[in-house]
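Input: a single structure, listed below in structure tokens.
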Number of protein chains: 2
Amino acid sequence: MTLSKNTFIGEFSYTLDSKGRLNIPSKFRQSLSKDNKETFVIARGLDQCIWVYPLIEWKQIENNLRKLSSISNTHRRFIRNTARYASPSTYDKQGRIILHPSLIKYAGLDKEVLIIGMINKMEIWNPDLLEKFENKQDELNSEAYEELSNKIIL
Amino acid sequence: MTLSKNTFIGEFSYTLDSKGRLNIPSKFRQSLSKDNKETFVIARGLDQCIWVYPLIEWKQIENNLRKLSSISNTHRRFIRNTARYASPSTYDKQGRIILHPSLIKYAGLDKEVLIIGMINKMEIWNPDLLEKFENKQDELNSEAYEELSNKIIL
DNA sequence: GATTGTTACCCACTACTACCCACAATGTTA
DNA sequence: TAACATTGTGGGTAGTAGTGGGTAACAATC
């Protein structure tokens, strides 16, 4: 059963094999529109995780980055850190992508891996690190979180 | 006799079978508009229950989530916590949906299950837990309840 | 040009899920 | 009251999804 095109929700656990291959949930593959079918951009996430965008979503980010002026110190750094660690990728016939060792190291990935749908992208996590991260966040800024949940009706 | 389209009211009790399958009340199935006939999004509720949205309702949530920027720490967490535990689903020829083991665990579901109409979605409860929850709530915040009466006329 | 290493493709096995059918219980109509 | 339709529940099975390993094709290095 597929959802809207290019929209990712849900959580899936997979194993990262010795070749650095990682399965993409078949539900996510199905929700990719034809043009995207085989192309992703894999990037470093802002938390200790990996972000995987379908090509269409990434192109929007690129457009937004183009609008930032390199005169601003902040903008410059933002562009650099976003573009630097991103790279295009495809999946193989079995639906797996290959993760670069540097990204595996950044996300602290082991054999067991969690893939989370984030609407416009997927996140790849070490499940233990995610749990620690979420617990830590709960203690912090819960007011901002509360405020946000008043705006969005579930 | 059906009510407005995509509106759920009433309470029904069913049994969850060994395969995690749960019947959807036929009244609810009837009240689904054609486009939604076979698609739901099942998500973790804010109380210890499961939320089931018809697709149209969920798409509104999705649209709101799409407006949030992943640069904000708070927004990121909100998207993650909302999208993570949600998954699209259809019902089978007998009108049942399948509940994922992690959600069954979260809601503390046993064989006996209560489905409650919540206007824009349905809630799935362990009847014992709901009763306990409601009793506990009665003692607390009756002020908040009072305040609400200024907004809604019954 | 030979050697090494990496990448991508192919095949095979396992386990699960989604579909199918069957039947009981209840409600409805003639 | 009998016949039928609808609703709720249970279990078997074929097809698909996830995983691992082998090998050919290609690039890089000497």
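Just so we're on the same page: letters track the sequence lines, and every chain starts at 1.
Taking a 6.0 Å sphere around CD of A/Glu62, one finds it holds more than 12 heavy atoms contributed by other residues, nucleotides or ligands. The number of heavy-atom neighbours closer than 6.0 Å to CD of A/Gln94, taken from other residues, nucleotides and ligands shown, is above 12.
Taking every heavy atom of residues 16-26 of chain B and every atom of DNA chain C, pairs under 4.0 Å involve B/Lys19, B/Arg21, by number. Within residues 95-107 of chain A, the residues that have a heavy atom under 4.0 Å from DNA chain C are, in order of number, A/Arg96, A/Ile98.
As a member of the Ile/Leu/Val/Met/Phe/Trp/Tyr network built from side-chain separations under 4.5 Å, A/Tyr85 groups with nothing else and remains a singleton. Side-chain contacts under 4.5 Å among hydrophobic residues (ILVMFWY), followed directly or transitively, place A/Ile153 with no other residue at all.
Residues that satisfy the side chain to side chain contact (heavy atoms under 4.5 Å, CB included) test with A/Leu130, not counting sequence neighbours, are A/Leu114, A/Ile116, A/Trp125, A/Glu134, B/Arg80, B/Arg84. The side chain to side chain donor-acceptor pair (under 3.5 Å) check on B/Ser70 picks up A/Lys121, with sequence neighbours excluded. For B/Asn81, the side chain to side chain donor-acceptor pair (under 3.5 Å) partners at least two apart in sequence or on another chain are A/Tyr145. The salt bridge (Lys or Arg N to Asp or Glu O under 4.0 Å) search around B/Asp110 returns none, not counting sequence neighbours. With sequence neighbours left out, the side chain to side chain donor-acceptor pair (under 3.5 Å) criterion links A/Asp128 to no other residue.
Between B/Lys93 and C/dC20 there is a side-chain N or O to OP1 or OP2 distance below 4.0 Å.
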Distances under 3.5 Å between protein N/O atoms and the N/O atoms of nucleotides 23-25 of chain C, please, pair by pair.
none

Quick one: side chains of residues 98-108 of chain B, donor-acceptor pairs under 3.5 Å with protein atoms, not counting sequence neighbours, listed by atom name and distance.
| residue | atom | partner | partner atom | Å |
| --- | --- | --- | --- | --- |
| B/His100 | ND1 | B/Ser102 | N | 3.2 |
| B/His100 | ND1 | B/Ser102 | OG | 2.9 |
| B/Tyr106 | OH | B/Gly45 | O | 2.8 |
| B/Tyr106 | OH | B/Asp47 | O | 3.0 |

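Atom SG of A/Cys49 sits about 9.5 Å away from atom CG of A/Leu109, to the nearest 0.5 Å.
Between A/Phe8 and A/Pro25 the shortest side-chain heavy-atom distance does not fall below 4.5 Å.
Atom CZ of A/Phe12 and atom P of C/dC16 are 16 Å apart (whole Å). In this entry the distance linking CD of B/Gln94 with P of C/dC20 reads 9 Å, nearest Å.
When DNA chain D is scanned in the 5' to 3' direction for atoms under 4.0 Å from non-hydrogen atoms of chain A, the outermost contacting nucleotides are D/dA17 to D/dG22.
At least one donor-acceptor pair closer than 3.5 Å links the side chain of B/Arg76 to the backbone N or O of B/Ile71.
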